[in-house]
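Below, all heavy atoms of this structure are taken into account, side chains as well, without hydrogens, waters or symmetry copies. In what follows, every chain begins at residue 1, and chains take the letters A, B, ... in the order their sequences are listed.
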Amino acid sequence: MLAYIGRRALLAVFTVWAISVLAFVIIQLPPGDYVTSYIAQMAASGSVVSEEEADNLRIQYGLGRPIYVQYYKWVKLFAEGNFGMSMEWKRPVTEVIGDRLWLTMVVAVSALLLTWVLALPIGIYSAVRQYSLGDYAATFVGFIGLAVPNFLLALVLLYLGFTLFNANTGGLFSVELQDAPWSMAKAWDLLKHLPIPALILGLAGTAQQVRIMRANLLDELRKPYVVTARSKGLTEGRVILKYPVRLALNPFASTIGYTLPYIVSGSIIVSLVLGLPTVGPLLLRALIAQDMFLAGTIVLLLGVMTVIGTLVSDILLVWIDPRIRLEDS
Amino acid sequence: MAVDSKGALTAAPRETLLSVRNLKTYFPQDEGTVKAVDGVSFDLYPGGTLGIVGESGCGKSVTARSILGIVDRPGRIVEGEIHFRRRAIDGGAEADRMVDLATLAPNGPEMRAVRGAEIALIFQEPRSSFSPVHTIGNQIDEVIMLHQQLDRRQAREKTIEMLRRVGVSSPEERVNQLSNQLSGGLRQRAMIAMALSCNPSLLIADEPTTALDVTTQTQILALMRQLQQEDGMAIMLITHDLGVIAEMARDVAVMYLGRVVEQAPVDEIFHAPRHPYTQALLRSIPRIRSGPRERLTPIAGSVPHPYDRPSGCPFHPRCPEFMPGTCDRQAPSLRLVGDQHAVSCFLYE
């Protein structure tokens, strides 16, 4: 077990390294180097960068040295928590991303949790009571959830919230607390604002997972080991939850890896509509403005999130299905 | 077997362990009702072995599942009685009593108390009849803890002891293995260990050796016979293999399309079969004394589609003794033709 997790963790570290190379390549792609575009930016806004300052920056980033030295310097700055300057915002990338990173995580994780909390029981019910009224209802709502683009849903909810309750359902905070320092009141405010974006972002995923759970469980319910479990005299609920559901959980767990970053990058439009302070819209702007340090950093962070998600699902999978561990060794 | 004045089977005398009367289990579907079991009657005595033979789809397995109350949706018992003698509660304060399992709620507490503890099931698929993600020990412990007042540690000891009894080598290690780490024969042994762990009075074995190679098959059958002698349980052996029947059963019930067409002691079935179907079935298997190039006689026609059951006697379209006007109009009932020999055929009415 430990050996398996160790091997996976080692692979994860290797993957993160590969992602960092990719992020570095993205940063290097635009013509010129960082300093030339920095000087151009400064010139555009009317200030002048002295030769001395430019040279210092070149030395700091190792520009003009071989590419692997540049990469090394970049990674080294990283370790110090310095992700470079954002061209567009003229502030360090860390400052620009700031709270957005973990607010993004909060939104993504709550959307994921909501997906699971809704999809698991509905999927189980749909399979166990196949072709019942409840199954048809879940299927109907599920397909609507899949078919409606989530930004449209966001607009509809905003409109309804505004006309029916005269409430602004957008954002993650109330206007008066937007720029306030962190406090219990602000945290509570966040919790109150969270359900709507979580629901909107989670709905399509929920519909998909309900279908997956239903299909998997239907397959598992026909297997002989379910008959064995029933013939032991267990209650029907225990039979279903201990045996077929556990096997049907497999694809659920294996999707965590890509669901997390998908919610982040897939939420760009919803975040724009709802005015959510997450990294999604920031990435979009950074890509349009060729703000490569910001874009590279976000791509790197998304990559790391995927790797962490995959590691978590790998560990969950061995717990769910011990055969995986055996095959691996 | 008991008979009333008209010669039809009636309620069995008190000493039967299981007595099934006119059992009907139907599966309502959009295309029509599948009458998987359509009026089955038979008796099983304590410690006895009843073989149930028939082609695929004749309702053998559904009969077994009806007794256990685990018929798959949308199937259900629509008619009939399943009288089962429940074990006396410890201390003998209450004598053993007959319960009609057909009237119990399939997932109610009494049915679940019988299932696994007093009637156990083993079946064909040794590959998939254990959960692939739980250890063998976990799955056997579970049934022991469910029906006996034992804690986890005592249950595990009992599990190991049961595995040793059924001939699993180094059971202390096997308990922690997954089913795919065991061979087919070992899996079926573990399955038997699980079924017998609560000392049931009836073991239903549904094609227990079909998926095993011949050597393993012989070993498993020998094991079942040995355990039956030691524990005194009754076995209801469902199979399409007449060889297995000859080796194991004392009494045989032959099923065709959801009905018992003939029931008799094993010797009479093999040496003096009365029903045309049983006769045809015996002609269709190879004999050790037959000539080298002698052809087998297959049963004419094929098993009708479940939605398209023949009227009258279900066997009449394939029957060499078909009597027009009788067999296709009315359904015969099971009647005694000998001391313990019952046949459902108009030839004997």
How about Arg211(A): does its CZ atom have over 12 heavy atoms from other parts shown lying under 6.0 Å from it?
yes
Arg112(B) and Leu234(A), any side-chain heavy atoms less than 4.5 Å apart
no
Might you point out which heavy atoms bring Ser131(B) and Tyr243(A) nearest each other, and give the distance in Å?
CB-CD2, 3.4 Å
As an exercise, state the distance from CD of Glu236(A) to CD1 of Ile70(B), rounded to the nearest 0.5 Å.
10.0 Å
Per-residue tally against chain A (heavy atom, under 4.5 Å) across Leu121(B), Leu68(B), Leu146(B) peaks at Leu146(B)
Please look at Gln139(B) and chain A and tell me whether the side chain, the backbone, both or neither of the residue comes under 4.5 angstrom of a heavy atom of that chain.
both
Under 4.5 Å heavy-atom distance to chain B, tell me which part of Arg230(A) shows up: side chain, backbone, both or neither.
both
Does any heavy atom of chain A fall under 4.5 Å from the side chain of Asn138(B), the backbone, both, or neither of them?
both
If you count the non-hydrogen atoms of other residues, nucleotides and ligands that lie under 6.0 Å from CH2 in Trp116(A), is the total more than 12?
yes
State, with a plain yes or no, whether a side-chain heavy atom of Arg73(B) is found less than 4.5 Å away from one of Gln130(A).
no
Quick one: does Val227(A)'s side chain get under 4.5 Å of Arg65(B)'s, heavy atoms only?
yes
Minimal non-hydrogen separation, Met194(B) against Lys232(A), with atom names
SD-CE, 3.5 Å
When you look at CE of Met145(B), are more than 12 heavy atoms from neighbouring residues, nucleotides or ligands closer to it than 6.0 Å?
yes
Given heavy-atom pairs under 4.5 angstrom as the criterion, report whether the side chain, backbone, both or neither of Met191(B) touches chain A.
side chain
Mind ranking Ile320(A), Val226(A), Thr235(A) by heavy-atom pairs under 4.5 Å with chain B and telling me who comes out on top?
Thr235(A)
Please report the closest heavy-atom contact between Ser129(B) and Pro224(A), naming both atoms and the distance.
CA-CB, 4.1 Å
Just wondering, more than 12 heavy atoms not from Ile269(A) lying within 6.0 Å of its CD1?
no
Would you compute the distance between atom OG of Ser179(B) and atom CZ of Arg323(A) and round it to the nearest 0.5 angstrom?
7.5 Å
